[in-house]
Amino acid sequence: MSENKSEALANLSNETRRFDPPAELAESANVKADAYDRASEDREAFWAEAAERLDWGRKWDQVLDWSNPPFAKWFVGGTLNAAVNCVDRHVDAGNGDKVAIHWVGEPADDTRDITYAELKDEVSKAANALTELGVEKGDRVAIYLPMLPETVIAMLACARIGAIHTVVFGGFSSDALASRVTDCDAKVIITSDGGYRRGAPSSLKPAVDEAIEKLGEDSPVQKVLVVRRTGQDVEWNDDLDVWWHDAVDGQSTEHEAEMHDSEHPLYVMYTSGTTGKPKGILHTTGGYLTGTAYTHWSVFDLKDDDVYWCTADVGWVTGHSYLVYGPLANGATQVMYEGTPDAPHKGRWWEIVQQYGVTIFYTAPTAIRTFMKWGDEIPAEYDLTSIRVLGSVGEPINPEAYVWYRSTIGGDKAPVVDTWWQTETGQIMISPLPGVTSGKPGSAMKPLPGIVADVVDDDANSVPDGSGGYLVLREPWPAMLRTLWGDDQRFKDTYWSRWPGLYFAGDGAKKDDDGDIWVLGRVDDVMNVSGHRLSTTEIESALVSHPKVAEAAVVGAADETTGQAVCAFVILKESATDDEGTADDELIQELRQHVAKQIGAIARPRQVMIVPELPKTRSGKIMRRLLKDVAEHRDVGDVTTLADSTVMDLIKDKEGSGSSSED
Ligand code: WT7
């Protein structure tokens with residue numbers, strides 16, 4: 001492990017604070033300590049019991065088929081419909097009037113409460129509309145939408161008819177959309193004219209038009225379904241474009257749902273890997289729904305009268321598992337918010353908590369740190385006493401942020417569940433149970449019942465308590481990814497090749513003296529910016545696609561607010577530099593913008609340094625570790641494997657000379 005990691009280890013081992021579960025919560029908790037024993041005695045029976053929480057068309061013959069690893073099948077022979085489980089069955093159970101979604105638009109007073117009965121009607125209408133547009137079971141549908149009720153409705157409508165959705169985060173660029181649409185061959189794109197962002201309408205449809213234009217003849221897209229949200233002008237192509245209200249509103253609310261095979265694909269979610277090409281993570285139906293519903297119920301201790309709010313965007317896996325499938329399968333009432341936390345004021349989230357009486361709140365450390373920065377006086381203006389459980393996800397939560405979250409937002413009583421998982425795992429894997437675990441700030445604690453995680457050394461030996469290593473999963477779990485879309489080999493190579501039989505998650509972790517797990521972050525060339533994984537290679541290729549750039553190296557440097565920030569080191573083509581070999585600030589801004597345009601604003605480098613050389617090994621591999629030292633303003637570490645050991649001096653000189661930009 002790098003110097004950096006051992007420092008983190010040293011710091012964490014000084015953390016001695018403990019927070020016991022509140023007595024009341026412990027007493028009435030959905031899941032108690034016995035679950036761990038039951039699960040370890042018979043893991044398959046444990047997950048079968050969890051699957052009983054769902055409605056099945058036909059019950060499974062076999063809980064798990066692991067005869068052809070790493071290709072798992074769960075609840076083999078069973079059939080079910082995800083949309084029916086998330087919607088219809090709650091109506092059938094007499095809960096049609098229960099609010100499923102308190103939708104809160106960004107503009108003030110723009111709200112919509114949707115009951116389960118209404119959601120059922122809307123999903124059925126949308127399913128009928130998709131069928132009419134020619135979407136069939138197994139077809140792929142790209143969803144490129146802001147946080148609108150229609151986004152959830154569209155996902156569930158796809159699930160209902162067995163079409164496979166791929167939601168592309170609305171902040172991604174047309175290029176990112178185009179590559180995803182091509183990779184999974186999407187027949188239809190569902191989008192909107194725009195959405196509200198920081199008080200102003202921001203357009204979305206033009207990016208779809210651009211993506212389709214870029215794909216040209218090869219575009220698989222036959223229809224674009226457009227939700228009217230902002231009313232702004234849009235370009236219209238009569239052959240392709242259809243308004244959502246024209247296609248959906250007149251449809252029947254009756255829709256007979258087919259029961260799909262338990263292993264029928266539910267969705268593909270693209271995530272960054274260590275190469276430029278994003279990976280299409282494939283999730284299927286029965287196991288995924290079992291894993292997300294069970295963990296949402298157990299980790300958040302969901303009760304019938306809870307008001308749950310997960311602030312994640314639907315465009316990320318957290319939105320899929322803990323805004324759409326988990327909570328809706330459990331018949332929960334939840335808040336869904338369209339906008340940013342500071343629109344129109346920095347107390348907006350807490351105002352929403354107060355207004356709806358939110359009891360369970362799930363967000364990311366980057367947001368928590370932002371609120372810490374904004375000051376305690378902002379949340380102090382609101383009544384947050386309804387909150388009883390707090391969740392964190394996306395990156396390691398530093399102990400100070402954990403303690404602040406617990407005390408300032410949770411009134412010193414709400415337990416914080418630090419939930420470790422990934423796009424690939426589909427469901428929460430390591431987390432405290434709020435009624436069982438005495439939490440330690442900064443630790444995700446123990447694998448949930450039914451999950452077998454471990455920390456191992458280079459030879460796959462389990463490390464003793466008190467040591468660090470690689471975080472792995474030893475046994476299959478229901479919501480695990482089944483493969484990478486169209487690339488079984490890459491699936492094996494990426495996750496299962498390092499050690500036979502072990503899933504390697506890409507994270508480093510430590511077991512403390514009690515055996516509790518502290519996740520330390522990625523060990524590969526993947527950054528974690530505001531809880532989102534970005535690949536260094538992807539950003540590097542975006543940079544070199546700029547006509548003035550010869551070469552680029554990107555690292556994730558520690559950042560107080562976003563966890564890691566994108567720092568780019570760029571070598572310009574000779575034609576792009578002036579006589580002294582320097583470049584102006586304008587170009588730096590242009591490069592930052594260029595990345596934002598190519599990938600999305602989230603990838604915009606915090607800092608671009610124009611350098612004369614990059615540190616490389618003799619075999620030509622860029623030594624990012626050294627660049628990270630520079631970006632984090634540390635003394636540069638061991639340079640002995642550099643082909644040219646003077647390179648780092650050149651780079652450090654540049655850093656001091658102002659050829660960089662930071663906001
Ligand atoms: C990576 C997965 C899980 C949904 C959001 C991100 C990091 C996630 C934690 C946590 C420490 C965490 C890991 C993981 N991560 N949660 N509680 N503690 N690290 O999904 O984009 O697939 O990223 O996020 O590095 O591997 P993702």
Side-chain angles (χ1 to χ4, degrees), residues 5 8 12 167 169 171-172 268-274 278-283 291-292 295-296 299 310-326 362-368 390-399 401-402 405 416-432 437 439-448 451 453 455 468 470-473 479-481 484 494-495 503-510 516-535 538 556 562-564 600 602-603:
K5 291 252 157 59
L12 293 175
V167 181
F169 173 54
F172 276 144
V268 176
M269 167 106 256
Y270 286 89
T271 187
S272 296
T274 50
K279 297 177 291 197
I281 307 295
L282 178 70
H283 284 294
T292 53
T295 50
H296 178 256
V299 171
C310 166
T311 67
D313 193 283
V314 177
W316 308 108
V317 74
T318 309
H320 282 51
S321 297
Y322 297 105
L323 192 155
V324 180
Y325 291 106
Y362 192 26
T363 195
T366 179
I368 298 167
L390 291 168
S392 169
V393 62
E395 56 179 314
I397 180 166
N398 47 307
Y402 176 113
Y405 192 33
V416 174
V417 288
D418 174 10
T419 63
W420 178 87
W421 59 294
Q422 310 180 289
T423 305
E424 291 85 344
T425 69
Q427 64 180 85
I428 297 171
M429 304 294 281
I430 306 178
S431 168
T437 317
K440 301 177 183 175
S443 171
M445 304 300 289
K446 292 209 183 314
L448 289 176
I451 300 299
V455 181
Y470 305 98
L471 184 57
V472 298
L473 300 166
M480 68 194 281
L481 78 167
L484 295 179
T494 309
Y495 303 105
Y503 170 92
F504 174 48
D507 285 326
K510 179 206 165 163
D516 293 323
I517 293 176
W518 300 67
V519 181
L520 300 172
R522 314 286 306 166
V523 299
D524 52 20
D525 289 338
V526 176
M527 290 167 278
N528 188 320
V529 179
S530 297
H532 301 303
R533 252 197 285 174
L534 298 174
S535 126
E538 207 174 351
T562 58
Q564 285 193 313
I602 192 163

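If you're wondering where the values come from, they're calculated on a predicted model, not measured in any experiment. As the structure lists them, so they are numbered: ligands from 1, and atoms in each ligand from 1.
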Query raised in the report: Between Q427 (side chain) and A479 (backbone), is there a donor-acceptor pair under 3.5 Å?
Result: yes
Report summary line: Pocket residues around ligand 1 (non-hydrogen, under 4.0 Å) come out as V317, T318, V393, G394, E395, P396, D418, T419, W420, W421, Q422, T423, D507, V519, R522, N528, G531, R533
Report task. Please answer whether the main-chain N or O of Q422 pairs with a side-chain N or O of T425 as donor and acceptor at a distance below 3.5 Å. Result -> yes
Requested in this report: Tell me yes or no: between the side chains of Y362 and T419, is some donor less than 3.5 Å from an acceptor?
Outcome: yes
Query raised in the report: Judged by atom type as modelled, is there a donor-acceptor pair below 3.5 Å linking the side chain of H283 to the main-chain atoms of T423?
Result: yes
**Report entry** Reference residue W316; test ring-ring contact (aromatic ring centres under 6.0 Å, His included); the match among W421, F172, Y322, Y270
**Finding:** F172
Requested in this report: Give a yes or no answer on whether the side chain of H320 reaches the backbone of Y325 with a donor-acceptor pair at less than 3.5 Å.
Outcome: no
